[in-house]
Asker: 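Once you've had a glance at the structure underneath, I'll fire off some questions.
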Amino acid sequence: MDRYLVFGHPVRHSKSPFIHTLFARQTQQELEYGLAEPAVDEFAQALRTFFDQGGKGCNVTVPFKEQAFTLVDRLSPRAKRAGAVNTIKLTDDGVLLGDNTDGAGLVADLKSHGVTLADSRILLLGAGGAARGALAPLLAELPSELVVTNRTHAKAQQLAAEFHDLGPVTAQTYEQLAGPFDLVINSTSASLQGALPPLAPALIHTDIAIYDMMYGASDTAFISWAKQHGARQTMDGLGMLVEQAAEAFTVWRGIRPGTKQVLRELKRNLGVI
């Protein structure tokens with residue numbers, strides 16, 4: 001049976017085995033999917049061993065995405081742009097192909113919620129790896145403007161300059177931001193600590209769409225804050241998790257699983273519904 005893993009540290013909380021087991025059942029694919037939590041300095045060896053022992057593919061999560069980028073034999077265009085790899089496939093000719101499905105998963109989830117990206121004004125909070133992975137797929141949807149903001153302004157400027165060839169992306173400080181925005185995406189990890197990015201409440205209005213890449217059994221701090229200030233459409237990153245997994249499954253197996261039922265099952269598993 002074909003073997004797949006998710007590498008991370010920590011990774012025991014990962015829902016990837018749950019998701020991919022459902023995908024395999026749905027598409028009648030024979031595979032098993034497990035967890036691997038090597039020490040931070042042992043990832044390279046663990047990755048080599050997995051593929052030497054017949055592994056077919058893997059997902060890579062924090063803190064190994066940037067390291068995986070340097071360890072594969074070939075990179076997909078979107079992995080090159082993201083500067084990180086979250087999906088690795090052993091090709092038929094023995095090449096380790098590194099891909100990044102995070103941005104595609106985000107865009108797919110936004111569209112599933114009916115969010116219009118074309119000609120929209122998008123605000124992206126954060127300039128780390130999550131933002132980097134999202135930029136190219138978002139710009140491919142042809143927004144009117146994509147503004148990146150970050151506590152360290154130089155990082156936002158660097159990111160905007162790097163992706164400027166793909167579309168109208170600019171960097172602004174939190175103090176410079178002026179609405180209206182159609183969509184705000186929080187790519188920071190602030191919600192994990194129950195914290196908030198320093199966004200002015202005046203930027204929130206009833207017709208804005210709010211997206212937090214973090215998720216939990218209840219609203220994240222950012223989503224709760226946005227609702228308090230009038231946002232009617234709010235989304236967390238659970239759908240993105242399922243959509244990026246579906247994209248990875250497609251890379252590995254050549255068949256795209258459906259995501260709606262799997263997302264419902266995942267919500268039940270987490271106690272969300």
Asker: For D212 and D236, indicate whether the former's side chain and the latter's backbone hold a donor-acceptor pair under 3.5 Å.
Answerer: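 Not at all, since once roles are kept as given, no pair shorter than 3.5 Å links the two residues.
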Asker: About how many Å separate OG1 of T250 and CZ of F23, when rounded to the nearest 0.5 Å?
Answerer: 8.0 Å
Asker: Would E265 and Q261 count as having a side-chain donor-acceptor pair, cut-off 3.5 Å?
Answerer: yes
Asker: Could you work out the complete set of other residues in the hydrophobic cluster of V95, with links drawn between I, L, V, M, F, W and Y side chains under 4.5 Å apart?
Answerer: none
Asker: Between S144 and S120 (side chain of the first, backbone of the second, donor and acceptor by atom type, cut-off under 3.5 Å), is there such a pair?
Answerer: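 Confirmed, S144 side chain pairs with S120 backbone.
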Asker: Among R253, Q29, K56, which one satisfies side-chain hydrogen bond (donor to acceptor under 3.5 Å, both in side chains) with D2?
Answerer: R253
Asker: Output the rest of the hydrophobic cluster of M1: all Ile, Leu, Val, Met, Phe, Trp and Tyr residues reachable through side-chain heavy-atom contacts under 4.5 Å, sorted by chain and number.
Answerer: none
Asker: Verify, without hydrogens or angle tests, whether K227 (side chain) and T234 (backbone) share a donor-acceptor contact under 3.5 angstrom.
Answerer: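 Checking the backbone N and O of T234 against the side chain of K227, no donor-acceptor pair under 3.5 Å is found.
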Asker: side-chain hydrogen bond (donor to acceptor under 3.5 Å, both in side chains) with K65: which of T87, N100, N86, D102?
Answerer: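 Looking at T87, N100, N86, D102, the match for K65 under the side-chain hydrogen bond (donor to acceptor under 3.5 Å, both in side chains) is D102.
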Asker: Taking L123 as the starting point, is it possible to reach L146 by hopping between hydrophobic residues whose side chains are less than 4.5 Å apart?
Answerer: no
Asker: Of the non-hydrogen atoms in F50 and R3, which two are nearest, and what is the gap between them?
Answerer: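 It is CZ-O, 3.5 Å.
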Asker: Please name all residues satisfying salt bridge (charged side-chain N to carboxylate O under 4.0 Å, His left out) with E42, sequence neighbours left out, ordered by chain then number.
Answerer: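 Partners of E42 under the salt bridge (charged side-chain N to carboxylate O under 4.0 Å, His left out) test: none.
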Asker: Within the structure provided, determine whether V107 and L138 are in side-chain contact (heavy-atom separation under 4.5 Å).
Answerer: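 Contact flag for V107/L138 side chains = yes.
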Asker: Of all the heavy-atom pairs spanning H113 and Q233, show the shortest one and how long it is.
Answerer: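 Closest pair (atom of H113, atom of Q233, distance): O-NE2, 3.0 Å.
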Asker: Flag the pair D207 / R232 as yes when at least one side-chain heavy-atom distance between them is below 4.5 Å, and no otherwise.
Answerer: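 Side-chain contact under 4.5 Å: yes.
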Asker: Would you say CG of D92 has more than 12 non-hydrogen atoms from neighbouring residues, nucleotides or ligands within 6.0 angstrom?
Answerer: no
Asker: Give a yes-or-no answer on whether the side chains of T49 and Q53 include a donor-acceptor pair shorter than 3.5 Å.
Answerer: no
Asker: May I ask you to decide if G126's main-chain N or O and T188's side chain share a donor-acceptor pair within less than 3.5 Å?
Answerer: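 No, because the side chain of T188 does not come within donor-acceptor range (under 3.5 Å) of the backbone of G126.
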Asker: Could I get the full list of salt bridge (charged side-chain N to carboxylate O under 4.0 Å, His left out) partners for D99, not counting sequence neighbours?
Answerer: R78
Asker: Judged by atom type as modelled, is there a donor-acceptor pair below 3.5 Å linking the side chain of T70 to the main-chain atoms of Q67?
Answerer: yes
Asker: Hey, does P10 have a side-chain heavy atom less than 4.5 Å from the side chain of E37?
Answerer: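 They are in side-chain contact.
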Asker: What is the distance from atom CG of L199 to atom CG of L125, rounded to the nearest 0.5 Å?
Answerer: 5.5 Å
Asker: Considering all heavy atoms of both residues, which atom of L203 and which atom of A178 are nearest to each other, and what is their separation?
Answerer: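 Minimum heavy-atom contact is CD2-C, 3.9 Å.
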Asker: Do N150 and P197 touch side chain to side chain, with heavy atoms closer than 4.5 Å?
Answerer: no
Asker: Taking the side chain as every heavy atom from C-beta outward, state whether V85 and L71 have any atom pair closer than 4.5 Å.
Answerer: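 They are not in side-chain contact.
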Asker: Scan residues 53-104 for pairs that pass ring-ring contact (aromatic ring centres under 6.0 Å, His included), counting only residues two or more places apart or in two chains.
Answerer: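 Qualifying pairs: F43-F64.
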Asker: Should L124 and S187 count as side-chain neighbours, where that means a heavy-atom distance under 4.5 Å?
Answerer: yes
Asker: Check whether W252 reaches the backbone of I88 with its side chain - one donor and one acceptor, N or O, closer than 3.5 Å.
Answerer: yes
Asker: Check whether V60 and L97 end up in the same hydrophobic cluster, where Ile, Leu, Val, Met, Phe, Trp and Tyr are linked by side-chain heavy atoms less than 4.5 Å apart.
Answerer: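 The answer is no; the residues belong to distinct hydrophobic clusters.
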Asker: side-chain contact (heavy atoms from CB on, under 4.5 Å) for R74 and T91? Distances and angles first, verdict last.
Answerer: CA-CA 10 Å; R74 195 165 74 225; T91 67; 4.3 Å; yes
Asker: Side chains of L117 and I122: closer than 4.5 Å at any heavy-atom pair?
Answerer: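 Yes. Closest side-chain heavy atoms under 4.5 Å.
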Asker: Can you confirm whether L270 sits close enough to K15 that some side-chain heavy atom of one is under 4.5 Å from a side-chain heavy atom of the other?
Answerer: yes
Asker: Is there a path from M214 to I223 through hydrophobic residues (I, L, V, M, F, W, Y) whose side chains come within less than 4.5 Å of each other?
Answerer: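 Different hydrophobic clusters.
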Asker: Can you name the residues that form a side chain to side chain contact (heavy atoms under 4.5 Å, CB included) with S14, not counting sequence neighbours?
Answerer: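 Only V6, V11, S16, P17, L35 meet the side chain to side chain contact (heavy atoms under 4.5 Å, CB included) criterion with S14.
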Asker: Just wondering, are more than 12 heavy atoms of other shown residues or ligands nearer than 6.0 Å to CD in Q193?
Answerer: yes
Asker: For the pair R81 and L166, evaluate side-chain contact (heavy atoms from CB on, under 4.5 Å) and give the outcome as yes or no after the intermediate values.
Answerer: CA-CA 11 Å; R81 272 290 184 179; L166 298 184; 3.6 Å; yes
Asker: Please round to the nearest 0.5 Å and tell me the distance separating atom CG of L263 and atom CG of N269.
Answerer: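 L263 CG to N269 CG: 11.5 Å, rounded to 0.5 Å.
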Asker: To the nearest 0.5 Å, what is the distance between CG (L96) and NZ (K89)?
Answerer: 12.0 Å
Asker: With hydrophobic residues grouped by side-chain heavy-atom distances under 4.5 Å, do I204 and L110 end up in a single group?
Answerer: no
Asker: As an exercise, state the distance from OG1 of T259 to CZ of R264, rounded to the nearest 0.5 Å.
Answerer: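 Separation between the atoms: 9.5 Å.
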Asker: If you look at every heavy atom in G94 and D73, which pair is closest and at what distance?
Answerer: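 Closest pair (atom of G94, atom of D73, distance): O-OD2, 4.2 Å.
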Asker: Would a single hydrophobic cluster contain both Y174 and I208, if residues Ile, Leu, Val, Met, Phe, Trp and Tyr are joined by side-chain heavy-atom contacts under 4.5 Å?
Answerer: yes
Asker: Mind checking whether F249 and H20 have parallel, tilted or perpendicular rings, split at 30° and 60°?
Answerer: parallel
Asker: Please round to the nearest 0.5 Å and tell me the distance separating atom OG1 of T152 and atom CD of Q157.
Answerer: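 Taking OG1 in T152 and CD in Q157, the distance rounds to 11.0 Å.
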Asker: Set out, in order, the CA-CA distance, both residues' side-chain angles and the distance that settles side-chain contact (heavy atoms from CB on, under 4.5 Å) for T61 and N59, then state yes or no.
Answerer: CA-CA 7 Å; T61 188; N59 288 127; over 6 Å; no
Asker: Would E162 and R132 count as a side-chain contact (heavy atoms from CB on, under 4.5 Å) if you check the C-alpha gap in whole Å, the side-chain angles of each, and the deciding distance to 0.1 Å?
Answerer: CA-CA 10 Å; E162 195 173 326; R132 176 179 291 275; 2.5 Å; yes
Asker: For V147 versus F181, what's the shortest heavy-atom pair and its separation?
Answerer: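 For V147 versus F181, the nearest heavy atoms are CG2-CE2, 3.9 Å.
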Asker: Can you see which heavy atom on I19 is nearest to which on V242, and at what distance?
Answerer: CD1-CG2, 4.1 Å
Asker: If you count the non-hydrogen atoms of other residues, nucleotides and ligands that lie under 6.0 Å from CD in Q158, is the total more than 12?
Answerer: no
Asker: Just one of V115, D109, N186 clears the side chain to side chain contact (heavy atoms under 4.5 Å, CB included) bar with Y211, so which one?
Answerer: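 The single option meeting the side chain to side chain contact (heavy atoms under 4.5 Å, CB included) with Y211 is D109.
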